[in-house]
Amino acid sequence: MKYFLAVMGMVMIVEGLPYFAFPDKMKQVMRQVLEVEDAALRRFGLFLMGLGLAAVFLGQRG
């Protein structure tokens, strides 16, 4: 559980960094995301989950 909380904390840091560093740009990006089709967002999300799963798998092997 300790490792899980550390990983979740790191994810929150990485996710929050663009909002802290570039708030105006993030608002612009959010507006653009609203115009993207749901199917495209799902494909992108699936791709990112697969990439994350591969990273976890490779991290566990090493």
Is there side-chain contact between E35 and R31, with heavy atoms separated by less than 4.5 Å? no
The reported gap from CZ in F22 to CD in Q28 (rounded to nearest 0.5 angstrom) is 13.0 Å
For V14, the side chain to side chain contact (heavy atoms under 4.5 Å, CB included) test, sequence neighbours excluded, returns none
CZ (R42) and CG (D38) are apart, to the nearest 0.5 Å, by 5.5 Å
Using a 4.5 Å side-chain heavy-atom cut-off and chaining through intermediate ILVMFWY residues, the residues clustered with L51 come out as F44, F47, L48
Contacts of F57 meeting side chain to side chain contact (heavy atoms under 4.5 Å, CB included) (sequence neighbours excluded), chain-then-number -> R61
Residues passing the side chain to side chain contact (heavy atoms under 4.5 Å, CB included) test with E15, sequence neighbours excluded, are V11
Excluding V29, membership of its hydrophobic cluster (Ile, Leu, Val, Met, Phe, Trp, Tyr; side-chain heavy atoms within less than 4.5 Å) reads V33, V36, L41
Taken in chain and number order and not counting sequence neighbours, the residues that satisfy side chain to side chain contact (heavy atoms under 4.5 Å, CB included) with M8 are F4, M12
